[in-house]
Amino acid sequence: MYKIPAKTLFLGKDLKYLPSCHSTNDIASDLIEKNTAKNGMVVITDHQTNGKGQRGNVWISAPEENLTFSMVLIHKQLEIHQQFNLTLIVSISIIETLKELGVICQIKWPNDIYYGNKKVGGILINNSIQGNYISDSVVGVGLNVNQSEFEIATATSLKNISGRFFDNQVIFERLLEILEVEWLKFTEKGIGTLKMRYFRSLLGFGKWRTFQLLSEENKHFTAKIVDIGDLGRLKVELQDGTFKEFDLKELGWLFEG
Ligand code: BTN
């Protein structure tokens with residue numbers, strides 16, 4: 001069971017708690033389609049039976065141990081080229097929330113939350129496009145909180161990292177508060193220092209790393225992350241001094257830690 005966050009203005013004020021469901025992202029998208037989703041509505045569950053991850057992957061999360069929820073943002077005038085700003089905001093907000101809990105994590109481009117070389121959380125954003133604008137976004141967050149054992153060796157949780165048990169409601173509320181502040185700041189004042197803050201927590205930023213090119217049978221190459229394009233493409237400098245941009249489908253596991 002989850003409570004409506006006390007300190008937010010609109011995020012989570014319409015809270016749909018489901019003990020179990022297939023995917024909170026799918027449920028939120030259905031509610032948008034039926035015109036019954038308000039700006040800031042959150043769908044949260046204790047048990048996702050068909051959780052969706054990036055690149056068509058599944059998101060597996062032990063029942064009642066972790067946070068699995070989706071937020072609905074209905075936009076007034078968010079242009080398509082601004083879409084990656086939402087990824088920046090959600091990633092930074094998760095990093096900030098975890099920092100307050102004493103867990104310093106990093107972002108693996110574009111929006112995986114890592115501790116060392118293990119994944120603690122992921123974000124899945126589904127945007128609805130109308131012409132040159134994004135009309136609404138479903139922002140799905142999966143955060144491994146109290147789960148101790150994982151099928152995948154590269155997954156971990158806040159509990160495994162810190163040895164402590166966490167109250168999911170507390171993390172949920174604080175994350176929504178931080179996210180709301182960041183989102184309102186962005187809608188009122190623009191991008192500001194968001195990119196710089198994202199780079200500060202971005203794994204491998206400004207460092208020479210080995211990348212994997214999925215399109216060419218996982219060919220390896222050495223490059224340095226130097227920037228992120230508006231659509232979230234990763235801009236890297238190659239060793240010959242030239243620059244190249246990649247999207248998520250083109251690059252595999254980027255670098256070790
Ligand atoms: C990733 O692959 O890293 C993204 C994972 C996103 C998982 C969350 S859990 C809540 C929401 N509902 C879904 O079906 N997926 C997202």
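Order of appearance sets the numbers: ligands from 1, and atoms from 1 within every ligand. Atom set for the values below is all heavy atoms of this structure, side chains included, hydrogens, waters and symmetry mates excluded.
- Under a 3.5 Å cut-off, the side chain of Gln147 and the backbone N or O of Ala62 do form a donor-acceptor pair.
- Note: Phe69 and Phe172 have perpendicular aromatic rings, judged against thresholds of 30 and 60 degrees for the angle between ring planes.
- Within 4.0 Å of ligand 1, protein heavy atoms come from Ser23, Thr24, Asn25, Gln48, Gly51, Lys52, Gly53, Gln54, Trp59, Thr68, Phe69, Ser70, Asp112, Lys119, Gly122, Ile123, Leu124, Gly140, Val141, Gly142.
- A salt bridge does not link Lys7 with Glu173: none of the charged nitrogens is closer than 4.0 Å to a carboxylate oxygen.
- Residues Gln48 and Thr24 bring a donor and an acceptor atom of their side chains to less than 3.5 Å of each other.
- If you look at Phe246 and Phe221, their ring centroids are closer than 6.0 Å.
- For the pairing with Ser61, the side chain to side chain donor-acceptor pair (under 3.5 Å) check across Asn66, Thr68, Asp46 returns one residue only, Asn66.
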